[in-house]
Amino acid sequence: MSDAPPGADVRGGAALYAVRRAREGIASLAALALVTAIAAASLSIVGALAARAFDRGVDGMLGLADPRDGMVVVELPLGADPAAEADAMAAALEDALAGMPADIRRTSVATGSAQVGGSEHPLALLADATLADRAELVSGAWPAGAGEVAVAEAAADRLDLATGDLLTIDDSEVRVAGVWRAADPTDLAWSGDPSVASGEVDGAIGPVVVSADSVLADAPRLRARWTVTPRELTAGTAAELIGALDRIGDAASGPAGTSSAGPANVEDGLKGTLARILSAVSGARSALAVPIVALGVIAAVIVGVIVFALGRAREQQVALVIARGATRPRVWAGILGEVAVAASAGALVGAVVAMTVAPPSTALWPAAACAIGATAVGALLAASTVVRASGSRGGRARPVTVALLLVLLGLAVVAGLAVAQAYARGGIVDAGGGIDPLALAAPWLVLLTLCLLATQLAGPAATAAERATRRGRGLATRLGVLQLARRPQSMLAGVLCLALAGGVLALSATLAVGAGGREAAAAAAVGADVRADLDGSRTVDENNPAPVIAELRTAEGIGDAEPAVRTSAGLGDATVRLLAATPDAFADMRADEEVAAALAALPAGEPPVLTGDVTAEVTGFFTQGPNPPERQAEVTVGAWVLDEAGAPAWIEFGTAPADGQPHALTTELGDPVRLLAVDVEGRALEGGSVSVRLELSDAGGAVELAAPGAPVTGTRALRLPAGGERPAEIPAVVTSALAGLADAPAGSILHLDVDGTTRSLAVRVAAVADFVPGIGSAPGVALDLASMTASLVDARDAVLSPMTVLVTADDASTATESVRAWATHPVRVKVAQDAAAAPVTRPALALFTAVALAGAVLGALGFAVVMAATARDRRAEAVPLRSFGFDFHAQRRARIAETATAAGFALAAGALAGWATALVVGPVLLMPLTGMAS
């Protein structure tokens with residue numbers, strides 16, 4: 001580079017001098033612009049793709065949710081003035097959802113009674129002005145007036161009705177104008193009503209559609225129903241909608257939510273779904289921050305190396321300009337101007353490239369950030385160039401080393417605090433969807449800290465490698481390692497670039513494997529290919545039978561269907577999960593060999609099997625009490641059994657007089673059942689008692705029962721267990737979390753207060769497993785359904801109804817349709833393959849890998865730039881080395897050995913840093929990504 005002409009006015013020639021200087025450093029400035037362009041384009045494109053992927057992921061996760069978990073249903077009982085009461089609630093809901101991306105659909109529902117073929121049937125009546133938009137006529141037409149109805153196809157089949165038939169509803173004769181079916185029974189607009197598919201809900205057959213709301217004005221139990229569903233939901237609007245859902249709850253609990261017939265009821269499954277979606281999106285953003293920050297650091301290091309090399313080449317020129325009268329600020333501003341122009345040009349090119357994918361608003365701000373960042377790095381290094389050119393040259397290495405150590409120490413402290421915060425909160429995202437900024441930064445802070453630590457270990461590692469090569473005969477190799485060991489500072493920037501690149505790639509691979517494992521675990525935690533959770537009575541009695549699962553087993557797409565009880569239980573001050581299922585259900589679960597063996601080893605209850613006609617021969621001897629009965633004393637006989645599917649059921653044999661004579665009470669069984677106990681209950685005893693002799697027999701002969709131990713009174717019934725004595729404790733498999741919580745190794749006895757029961761259930765820990773299908777890794781216990789039911793029957797406790805059905809299916813979609821067509825209670829269906837947050841997780845991990853690869857390319861470029869600068873600095877060593885016998889080829893081999901050693905160390909250290917980062921923060925990072933607790 002030529003200097004300014006002697007005698008020239010420095011200020012007047014400053015612009016010309018700057019132009020000439022920039023022209024001579026064009027290669028370095030072009031490299032700086034290229035790096036800035038790559039960084040700006042990468043960040044802009046990733047931001048745009050991430051926004052699109054997350055919005056699609058939000059929509060995908062909402063679509064995979066059960067319909068009842070994708071909506072809010074507000075139901076208001078209507079009283080004296082139904083129109084005014086409904087309008088007031090509608091106005092309150094409209095205010096709560098003002099400006100929100102949500103639709104509100106209003107319908108009216110009521111119950112009625114129909115006379116069909118001489119029999120009376122409860123009906124579910126519906127008035128819906130928009131029904132024709134989501135249903136199709138099978139035959140006939142939609143009702144045109146108060147004397148016509150349209151019946152859902154499944155309901156018509158149950159009542160044996162067809163178009164044109166007449167039926168009487170609440171003393172009014174109406175004609176069936178048409179028969180219809182839902183275009184999609186899972187459409188959110190149906191409010192999760194199972195009768196749309198099955199034709200029955202909670203014992204009422206329907207929906208039977210009337211022509212208008214006014215037709216239902218005098219119907220019993222008239223209710224106005226509003227269904228709120230999201231519209232065009234994105235990651236940005238999901239959080240706002242959660243706030244609106246809170247306002248819906250406030251509106252329903254306010255004055256408008258209370259009519260003359262009672263308060264409104266709100267079923268809000270949407271809020272939990274939105275919170276899970278936001279958690280997954282926040283986790284994905286946190287994960288993406290790691291490669292993005294790494295890419296930014298790599299780009300900053302490369303810019304720094306370029307500017308530093310440019311400054312080193314100009315030190316003499318800058319010193320001469322300063323000696324001729326130029327001020328230091330003016331010289332610094334000149335260098336900074338070059339860097340700013342090059343960085344801005346590169347950022348602009350990157351933004352233009354990014355605009356092919358991203359909108360201008362998304363492309364410009366990352367480009368501006370890159371230009372400002374590159375200029376800031378240039379400002380610092382331009383200042384160091386001016387200082388060196390002014391004569392301050394000594395003692396640079398030690399201050400740089402001390403500064404790096406201080407930075408490393410500060411980062412380590414902040415990273416430690418961030419990790420502690422993440423674990424203290426139970427993750428990056430809390431249950432309400434809130435994000436902690438410090439916890440969010442934990443992953444990239446840990447990775448950056450470990451990679452900076454690797455740069456400080458490069459010198460000692462090179463020294464150790466040099467000592468290891470002393471005994472070798474390869475002088476060129478030893479020379480390369482020796483040069484690296486004696487001047488490690490020259491390699492620090494390159495090692496950091498390559499370590500970050502390797503670390504991000506290693507972290508990407510580790511998280512991908514971890515996410516795959518978490519997705520598989522989330523699927524296994526469902527407990528089956530398809531799980532159906534039914535609403536309804538949680539206990540079984542003569543008025544509330546358990547679901548008849550045998551009917552579902554023959555439906556299309558169903559491989560097997562098994563009953564189960566999923567509930568919670570108290571254990572001291574803790575609440576744990578409880579799963580009671582059949583041996584076949586446990587055998588079908590996705591469990592590893594050890595857990596599968598433990599579940600298979602649970603002893604199933606083996607009560608006697610009853611087949612064919614079962615007869616209870618009962619003889620009752622009345623004992624006179626203080627108040628003689630006004631009519632003949634009687635005893636009623638019934639039995640607790642397990643049906644063919646393994647679900648508990650109550651069978652009533654009938655009633656016999658207590659007259660001292662034997663009476664045969666016979667019931668015919670369609671399918672074999674397993675007998676748990678026989679109950680004998682007295683009636684009209686009025687202070688007396690009845691001694692009972694009971695003999696039970698079926699097609700196979702007599703059935704052994706326990707002998708009556710006491711007479712029957714008006715307040716005490718007899719329960720006669722069948723099948724001999726049963727163990728006092730039920731063997732169970734518990735999770736490690738429960739074993740640790742209760743300090744309960746194998747062989748321990750636990751007493752559980754199961755929800756819905758009144759007495760403690762004693763279980764013996766047969767095995768401990770980290771993860772139990774159907775429960776997960778949370779504190780939980782798995783036991784045999786028959787054994788638990790028998791224990792509850794023996795204890796005269798409430799018998800839990802198996803309101804969960806575990807379905808094995810090759811085609812989950814077909815199985816789900818069959819489950820909905822079978823269910824006569826509101827049902828939530830969970831599909832194993834959709835259990836995790838895959839619509840958000842998989843795109844996030846793909847983008848993570850893409851950014852990691854871009855960072856790797858940039859890191860390799862940065863390493864190459866550093867090695868090129870190092871090679872230029874060592875050109876002066878070529879002549880002395882030749883005098884020691886190192887010719888051109890030997891020196892080249894030495895440089896190759898030096899480069900390979902530095903690269904190998906950087907990649908190994910980076911990979912180790914990435915693995916360690918995944919180990920430290922992977923659990924809290926994967927929690928929101930997969931929707932599973934760590």
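Within the 4.5 Å cutoff, side-chain heavy atoms of Trp640 are placed close to those of Asp679. Put simply, the side chain of Leu675 reaches to within 4.5 Å of the side chain of Leu705, judged on heavy atoms. Side-chain contact between Met71 and Ser191: present, with at least one pair of heavy atoms (C-beta onward) separated by less than 4.5 Å. Val819 has its side chain out of reach of Val805: every pair of non-hydrogen atoms, C-beta onward, lies at least 4.5 Å apart. Using a 4.5 Å heavy-atom threshold, the side chains of Val201 and Pro826 count as touching. A 4.5 Å side-chain heavy-atom check between Leu676 and Val799 finds every atom pair outside the cut-off. Looking only at side-chain heavy atoms (C-beta outward), Pro745 and Val768 stay at 4.5 Å or farther from each other. Side-chain contact between Ser801 and Asn544 is absent, with no heavy atoms from C-beta onward closer than 4.5 Å.
For the pair Thr735 (side chain) and Ala778 (backbone), a donor-acceptor distance under 3.5 Å is present. Between the side chain of Ser818 and the backbone N or O of Thr814 there is at least one donor-acceptor pair closer than 3.5 Å. The main-chain N or O of Ile775 is found under 3.5 Å from a side-chain atom of Arg577 such that the two form a donor-acceptor pair. Distance alone, capped at 3.5 Å, is enough to place a donor-acceptor pair between the Asp797 side chain and the Thr758 backbone. With Asp698 contributing its side chain and Gly612 its backbone, the two residues share no donor-acceptor pair below 3.5 Å. Without hydrogens or angle criteria, Arg223 side chain to Arg221 main chain gives a donor-acceptor distance under 3.5 Å. Here the side chain of Arg158 pairs a donor or acceptor atom with the backbone of Ser198 at under 3.5 angstrom.
Shortest non-hydrogen contact noted between Thr667 and Phe653 is CG2-CE2, 3.3 Å. The two residues Arg719 and Ala677 make their nearest non-hydrogen contact at CG-CB, 3.9 Å. Contact detail for Val754 and Thr757: the closest heavy-atom pair is O-OG1, 2.7 Å. Between Pro607 and Leu642, the shortest heavy-atom distance links the atoms CG-CD1, 4.5 Å. For the residue pair Leu579 and Phe586, the shortest heavy atom distance occurs at CD2-CE2, 4.2 Å. The minimum heavy-atom distance linking Pro802 with Ala546 is given by the pair CD-CB, 3.8 Å.
Of the inter-residue distances, the one linking Asn265 atom CG with Arg225 atom CZ reads 10.0 Å to the nearest 0.5 angstrom. In this structure, OG1 on Thr539 lies 10.0 Å from CE on Met803, to the nearest 0.5 angstrom. If you take OG1 on Thr804 and CD1 on Ile549, they are separated by 9.0 Å, rounding to the nearest 0.5 Å. Summarising the geometry, atom CD1 belonging to Ile749 is positioned 4.0 Å from atom CD belonging to Glu729; distances are rounded to the nearest 0.5 Å. Between the CG atom of Asp268 and the CG atom of Asp69 there is a distance of 9.5 Å, given to the nearest 0.5 Å. Note that CG of Leu123 is 9.0 Å distant from OG1 of Thr111, once rounded to the nearest 0.5 Å.
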Could you tabulate the donor-acceptor pairs under 3.5 Å formed by side-chain atoms of residues 555-564, not counting sequence neighbours?
| from | atom 1 | to | atom 2 | distance (Å) |
| --- | --- | --- | --- | --- |
| Glu562 | OE1 | Arg553 | NH2 | 3.3 |
| Glu562 | OE1 | Thr582 | OG1 | 2.7 |
| Glu562 | OE2 | Arg553 | NH2 | 3.1 |

Which donor-acceptor pairs under 3.5 Å do side chains of residues 788-795 form with protein atoms, sequence neighbours excluded?
| from | atom 1 | to | atom 2 | distance (Å) |
| --- | --- | --- | --- | --- |
| Thr789 | OG1 | Leu785 | O | 2.9 |
| Asp794 | OD1 | Arg726 | NH2 | 2.7 |
| Asp794 | OD2 | Arg726 | NE | 2.8 |
| Asp794 | OD2 | Arg726 | NH2 | 3.3 |

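Crowding of Asp810 atom CG: a count of heavy atoms from other residues, nucleotides or ligands under 6.0 Å not exceeding 12. Counting heavy-atom neighbours within 6.0 Å of Glu542 CD, excluding the residue itself, gives a total above 12.
A salt bridge is absent between Arg531 and Asp66; no separation between the charged side-chain nitrogens and carboxylate oxygens falls under 4.0 Å. At a threshold of 4.0 Å, the pair Asp533-Lys830 does not count as salt-bridged, since none of the basic side-chain nitrogens sits closer than that to a carboxylate oxygen. Taking the charged nitrogens against the carboxylate oxygens, Asp535 and Arg68 do have a contact shorter than 4.0 Å, which makes a salt bridge.
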Checklist line | From CA spacing to verdict: side-chain contact (heavy atoms from CB on, under 4.5 Å), Leu602, Val733 | finding: CA-CA 8 Å; Leu602 290 178; Val733 176; 4.1 Å; yes

Next item on the list: Give the C-alpha distance, both sets of side-chain angles, the deciding distance and a yes or no for side-chain contact (heavy atoms from CB on, under 4.5 Å) between Met589 and Leu806.
Entry: CA-CA 9 Å; Met589 288 181 175; Leu806 303 177; 3.8 Å; yes

Next item on the list: Please assess Val678 against Val637 for the test side-chain contact (heavy atoms from CB on, under 4.5 Å), listing each intermediate value before the final yes or no.
Entry: CA-CA 7 Å; Val678 173; Val637 181; 3.8 Å; yes

Note to self: Assess the residue pair Asp193 and Ser195 against the criterion (side chain to side chain donor-acceptor pair (under 3.5 Å)); give the C-alpha distance rounded to whole Å, side-chain angles, the decisive distance to 0.1 Å, and a yes or no.
What the structure shows: CA-CA 6 Å; Asp193 185 353; Ser195 66; 2.8 Å; yes

Next item on the list: Show your working on side-chain contact (heavy atoms from CB on, under 4.5 Å) between Val831 and Val526 and close with a plain yes or no.
Entry: CA-CA 7 Å; Val831 179; Val526 172; over 6 Å; no

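When Thr575, Asp753, Asp755 are each tested for a side chain to side chain donor-acceptor pair (under 3.5 Å) with Ser568, only one passes: Asp755. Exactly one residue among Val703, Val618, Thr615 makes a side-chain contact (heavy atoms from CB on, under 4.5 Å) with Leu696. That residue is Val703.
With sequence neighbours left out, the ring-ring contact (aromatic ring centres under 6.0 Å, His included) criterion links Trp822 to no other residue.
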